[in-house]
Amino acid sequence: MAANPLELRPLGNTGLNLSCVGFGASPLGNVFGVVSESDAIATVRQAFTLGINFFDTSPYYGGTLSEKMLGKALKALEVPRNEYIVSTKCGRYADGFDFSAERVTKSIDESLERLQLDYVDILQCHDIEFTSLDQIVTETIPALVKLKEAGKIKFIGITGLPLENFSYVLDRVPPGTVDVVLSYCHYGINDSTLEDLLPYLKSKGVGIISASPLSMGLLTETGPPEWHPSSPELKAACKAAAAYCKEKGKNVSKLALQYSLSNKDISTILVGMNSVKQVNENVEAAIQVSTVGKDEKTLSEIEAILKPVKNQTWPSGIQQS
C-alpha cells in the first residue's frame with residue numbers, strides 16, 4: 001500500500017467507499033491502442049496496490065475485450081472479492097443499443113462470465129440518451145431491480161452525456177431505485193456544469209461518479225483524437241492551455257485531474273488507464289491534492305485561457321463513456 005493511501009469517499013447511500021481515483025478499463029479493450037494481457041494485469045495490479053479499489057468497464061468497450069481483460073487481471077490479484085468494487089454496464093454493445101428487459105437480463109450473465117465474477121457491485125444503463133428515457137424508466141430499471149433481487153448486482157446506475165436526462169429518470173422511478181449516476185466530460189476545467197446538479201443528486205441520495213476529467217483527450221499535451229466532437233474553438237483553447245502549462249514546466253492533464261478531484265461531493269473521478277506509468281501518475285496527482293492541495297495559481301491561469309469556451313457542449317454520439 002502507498003505511504004499516503006488514496007482517499008476513500010462514500011458513494012451516495014450504497015455503503016460503498018470508493019477510491020477518489022477510479023480505474024477506467026476501456027483502454028484494456030484496445031480502444032486507444034493495443035494493450036497486452038501481461039500489461040493489463042500489471043496495470044490493474046499496480047492500481048490495486050496503490051489503493052485504487054474501483055474498476056469500471058462495459059461490454060461495449062473493445063467489443064467485450066475490456067471485460068475479459070479486467071476479469072483476468074482481477075483474478076490474478078488473488079485477493080478476497082470484497083476488496084475491490086466492480087462496475088459494468090448494459091444496453092450499449094458493439095452492434096448497437098438494446099435496453100430491453102430481455103437483453104439486459106442476458107447481458108449481466110455474459111458480463112459475469114467474462115469478468116469471472118459471481119456478482120458486480122454496480123450495473124449501469126450505458127448512455128441512456130440513445131433510447132427512449134421512458135423505456136429506461138418502465139422497462140430497463142425494473143429489469144435491473146430483479147437482477148438486484150437475484151444477487152447478480154448490488155446497485156443500479158445510469159450513465160450519459162446530457163445532464164438533464166438524469167433528473168428525468170430519477171424523478172420518475174421510486175426513490176432509492178437508482179443508486180448511482182455516472183456523468184462524463186461535465187466536471188473539468190473546461191466544463192463544470194455537473195456542479196449545478198450536485199445538490200439535486202445529493203437530495204436523491206444518489207452516488208456521483210465523474211468520468212473523463214481530461215474531456216476525452218482535450219486536456220492533454222497530445223490533444224484529442226481525430227473523432228473528437230468538440231468545436232474548433234474549444235480544441236484551440238485547450239491546445240493553448242496545454243502549451244501554456246508545458247512552458248511553465250507543468251502538465252495540463254495532471255492539473256485537470258487535480259481540479260476534478262478537489263470536489264468532495266463527487267465520489268470518484270474515473271480515469272482510463274493502460275499502463276503502470278499512468279497509474280503511478282494519477283495516484284501521485286491525487287495524493288498531492290489531499291496532502292499539499294491543488295496548484296491554484298496555474299489552474300486560475302488555465303481557467304482564464306479557457307473562459308471564452310467554458311461549458312461549451314458538443315453532440316453526443318461517438319464517444320466512449
Can you establish whether the number of heavy atoms outside [X] located under 6.0 Å from its atom [atom1] is more than 12?
{"X": "K250", "atom1": "NZ", "value": "no"}
{"X": "K202", "atom1": "NZ", "value": "no"}
{"X": "D118", "atom1": "CG", "value": "no"}
{"X": "K148", "atom1": "NZ", "value": "yes"}

If you round to the nearest 0.5 Å, how far is [atom2] of [Y] from [atom1] of [X]?
{"X": "T88", "Y": "D121", "atom1": "OG1", "atom2": "CG", "answer": "11.5 Å"}
{"X": "K297", "Y": "K294", "atom1": "NZ", "atom2": "NZ", "answer": "15.5 Å"}
{"X": "I158", "Y": "L123", "atom1": "CD1", "atom2": "CG", "answer": "12.5 Å"}
{"X": "I128", "Y": "I136", "atom1": "CD1", "atom2": "CD1", "answer": "6.0 Å"}
{"X": "K75", "Y": "L115", "atom1": "NZ", "atom2": "CG", "answer": "12.0 Å"}
{"X": "H126", "Y": "Y93", "atom1": "NE2", "atom2": "OH", "answer": "10.5 Å"}

Under 3.5 Å: donor-acceptor pair, side chain of [X], backbone of [Y]:
{"X": "D179", "Y": "I156", "answer": "yes"}
{"X": "N53", "Y": "E83", "answer": "no"}
{"X": "D295", "Y": "Q258", "answer": "no"}
{"X": "H228", "Y": "S215", "answer": "yes"}
{"X": "S212", "Y": "C185", "answer": "no"}
{"X": "T268", "Y": "G22", "answer": "yes"}
{"X": "T159", "Y": "D127", "answer": "yes"}
{"X": "T291", "Y": "I287", "answer": "yes"}
{"X": "K89", "Y": "T57", "answer": "yes"}
{"X": "S267", "Y": "R9", "answer": "no"}

Q.
Tell me whether R81 forms a cation-pi arrangement with Y119, defined as NZ or CZ under 6.0 Å from the six-membered ring centre and within 45 degrees of its axis.
A. yes
Are [X] and [Y] connected in the hydrophobic side-chain network, where two residues link if heavy atoms are under 4.5 Å apart?
{"X": "L163", "Y": "Y187", "value": "yes"}
{"X": "L147", "Y": "F99", "value": "yes"}
{"X": "Y168", "Y": "L197", "value": "yes"}
{"X": "L50", "Y": "L8", "value": "no"}
{"X": "L234", "Y": "W227", "value": "yes"}

Looking only at heavy atoms, what is the nearest atom pair of [X] and [Y], with distance?
{"X": "L28", "Y": "M69", "result": "O-CG, 3.5 Å"}
{"X": "N165", "Y": "L133", "result": "OD1-CD1, 3.4 Å"}
{"X": "E139", "Y": "A101", "result": "OE2-N, 2.8 Å"}
{"X": "S19", "Y": "I52", "result": "OG-CA, 3.5 Å"}
{"X": "C125", "Y": "I141", "result": "SG-CG1, 4.5 Å"}
{"X": "L219", "Y": "C238", "result": "CD2-SG, 3.9 Å"}

Please identify which of these residues, L257, N251, L255, meets the side-chain contact (heavy atoms from CB on, under 4.5 Å) condition with S253.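 Among the candidates, only N251 passes.
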Does the plane of the ring in F55 sit parallel, tilted or perpendicular to the ring in Y84? Use 30° and 60° as the thresholds. perpendicular
| task | Mind jotting down which residue pairs meet the ring-ring contact (aromatic ring centres under 6.0 Å, His included) criterion with at least one end in residues 278-311? Sequence neighbours excluded, please. | result |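 Residue pairs with at least one partner in residues 278-311: there are none.
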query: salt bridge (Lys or Arg N to Asp or Glu O under 4.0 Å) between K277 and E281: does it pass, once the steps are laid out?
result: CA-CA 6 Å; K277 180 175 180 279; E281 288 170 354; 2.9 Å; yes
Show your working on side-chain contact (heavy atoms from CB on, under 4.5 Å) between V31 and L65 and close with a plain yes or no. CA-CA 9 Å; V31 173; L65 182 61; over 6 Å; no
**Request:** Assess whether side-chain contact (heavy atoms from CB on, under 4.5 Å) is satisfied between V169 and V181, documenting all intermediate values.
**Result:** CA-CA 11 Å; V169 171; V181 301; over 6 Å; no
Query - salt bridge (Lys or Arg N to Asp or Glu O under 4.0 Å) assessment of K68 paired with E37 - result: CA-CA 10 Å; K68 288 173 189 159; E37 190 175 311; over 6 Å; no
Those residues at least two apart in sequence (or on a different chain) that pass ring pair (Phe, Tyr, Trp, His ring centres under 6.0 Å) with F166 are none
| message | Applying ring pair (Phe, Tyr, Trp, His ring centres under 6.0 Å), can you list everything that pairs with F155, at least two apart in sequence or on another chain? | response |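 Scan of F155 (ring pair (Phe, Tyr, Trp, His ring centres under 6.0 Å), adjacent residues dropped) gives none.
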Between the side chains of E221 and K254, is the shortest nitrogen-to-carboxylate-oxygen separation below 4.0 Å, so that they form an ion pair?
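No, K254 and E221 are not salt-bridged.
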With the side chain counted from C-beta on, respond yes when [X] and [Y] share a heavy-atom pair under 4.5 Å apart, and no when they do not.
{"X": "V44", "Y": "L70", "answer": "yes"}
{"X": "I302", "Y": "C245", "answer": "yes"}
{"X": "S192", "Y": "K310", "answer": "yes"}

task = State, without any angle test, whether S100 and E102 hold a side-chain donor-acceptor pair at a distance under 3.5 Å.
result =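 There is no such pair (donor and acceptor under 3.5 Å, judged by atom type) between the side chains of S100 and E102.
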- Task: May I ask you to check whether D191 and T193 show a side-chain donor-acceptor distance below 3.5 Å?
- Result: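 Present: a donor and an acceptor within the cut-off.
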**OP:** Using side chain to side chain donor-acceptor pair (under 3.5 Å) as the criterion, point out the one residue from N280, N274, N282 that pairs with Q278.
**Re:**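 Going through the options one by one, the only one that passes is N274.
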*Walk me through it: do S230 and Q312 pass the test side-chain contact (heavy atoms from CB on, under 4.5 Å)?*
CA-CA 8 Å; S230 60; Q312 248 194 37; 5.8 Å; no
- Item | Step-by-step salt bridge (Lys or Arg N to Asp or Glu O under 4.0 Å) determination, K307 to E303 | CA-CA 6 Å; K307 196 176 180 189; E303 285 186 275; over 6 Å; no
TODO: Determine, step by step, whether Y200 and L170 satisfy the side-chain contact (heavy atoms from CB on, under 4.5 Å) criterion, reporting the C-alpha distance in whole Å, the side-chain angles of both residues, the deciding distance to 0.1 Å, and the verdict.
DONE: CA-CA 10 Å; Y200 165 84; L170 289 167; 3.3 Å; yes
